[in-house]
Amino acid sequence: MSALTENAAPAPFTDEEFRDTLRELPPSAKLVAKVLEDDAPLSQGDLAENSLLPDRTVRYALNRLEESELVDSRYSFTDARKQVYFLTV
């Protein structure tokens, strides 16, 4: 077994569970999730730029996605002052 397989954590949601949870969220959260699906990890500023949503709306969407455990964050490897976001699935 490879090291990647051994260290990989199981996804908290199946695709169906992910979709069902996402379905209950506001449209801005769905758009942010779609942008993250195509190009992750991204900072909040990158998400605002790519989604064409205001920063405040992106922040709200990220909070909702994090509360639902659909998105997680970590510090950026290139700039430790920034957080980057990615889907948990």
Side-chain angles (χ1 to χ4, degrees):
M1 190 178 274
S2 72
L4 180 61
T5 307
E6 291 173 5
N7 295 333
F13 298 100
T14 63
D15 286 341
E16 185 176 326
E17 291 175 59
F18 182 87
R19 287 178 169 278
D20 289 343
T21 304
L22 189 60
R23 191 171 283 124
E24 302 299 320
L25 296 177
S28 61
K30 292 173 187 168
L31 178 57
V32 168
K34 183 63 177 169
V35 170
L36 285 172
E37 181 181 53
D38 293 339
D39 191 24
L42 292 172
S43 69
Q44 182 179 326
D46 293 336
L47 282 166
E49 186 177 315
N50 291 352
S51 66
L52 303 178
L53 293 172
D55 288 335
R56 186 175 179 175
T57 303
V58 170
R59 190 168 44 250
Y60 172 75
L62 286 170
N63 286 335
R64 295 295 306 268
L65 288 164
E66 285 182 316
E67 288 170 1
S68 300
E69 298 180 356
L70 299 179
V71 166
D72 203 0
S73 65
R74 63 169 168 76
Y75 288 103
S76 171
F77 294 134
T78 58
D79 186 352
R81 297 171 296 173
K82 292 183 181 180
Q83 293 250 337
V84 291
Y85 299 88
F86 53 92
L87 297 176
T88 57
V89 177

Handout entry: Residues, nucleotides or ligands: over 12 heavy atoms within 6.0 Å of Lys82 NZ
Key = no
Handout entry: Partners meeting side chain to side chain donor-acceptor pair (under 3.5 Å) with Asn50 (sequence neighbours left out)
Key = none
Practice task
Taking salt bridge (Lys or Arg N to Asp or Glu O under 4.0 Å) as the test, write out the residues that go with Asp79, two or more places apart.
Solution key: Arg81
Handout entry: Verdict with supporting geometry, Phe18 and Leu87, side chain to side chain contact (heavy atoms under 4.5 Å, CB included)
Key = CA-CA 10 Å; Phe18 182 87; Leu87 297 176; 4.0 Å; yes
Problem - Test item: Asp39 and Val35 side chains (from C-beta on) under 4.5 Å apart, heavy atoms - result: no
Exercise for the section: Give a yes or no on whether Phe86 atom CZ has more than 12 heavy-atom contacts from other residues, nucleotides or ligands under 6.0 Å away. Expected result: yes
Fill in the blank from the handout: Contacts of Lys34 meeting side chain to side chain donor-acceptor pair (under 3.5 Å) (sequence neighbours excluded), chain-then-number -> Glu37
Pair up each side-chain donor or acceptor in residues 51-61 with any protein partner under 3.5 Å, not counting sequence neighbours, and list the distances.
residue, atom, partner, partner atom, Å
Ser51, OG, Leu47, O, 2.7
Ser51, OG, Leu53, N, 3.3
Tyr60, OH, Arg64, NH1, 2.8

Exercise for the section: Flag yes if Leu22 and Tyr85 sit in one hydrophobic cluster, no otherwise; membership is Ile, Leu, Val, Met, Phe, Trp, Tyr, and two members link when side-chain heavy atoms are under 4.5 Å apart. Expected result: yes
Practice task
Please identify each residue that fulfils salt bridge (Lys or Arg N to Asp or Glu O under 4.0 Å) with Asp72, with sequence neighbours left out.
Solution key: none
Handout entry: Beyond-backbone contact of Val71 with Thr88, side-chain heavy atoms, under 4.5 angstrom
Key = no
Handout entry: side chain to side chain donor-acceptor pair (under 3.5 Å) against Gln83, all qualifying residues, sequence neighbours excluded
Key = Ser73
Problem - Gap between atom CG of Leu70 and atom CG of Leu62 - 0.5 Å precision - result: 11.5 Å
Handout entry: Shortest non-hydrogen contact between Ser43 and Val84, atoms and distance
Key = N-CG1, 4.0 Å
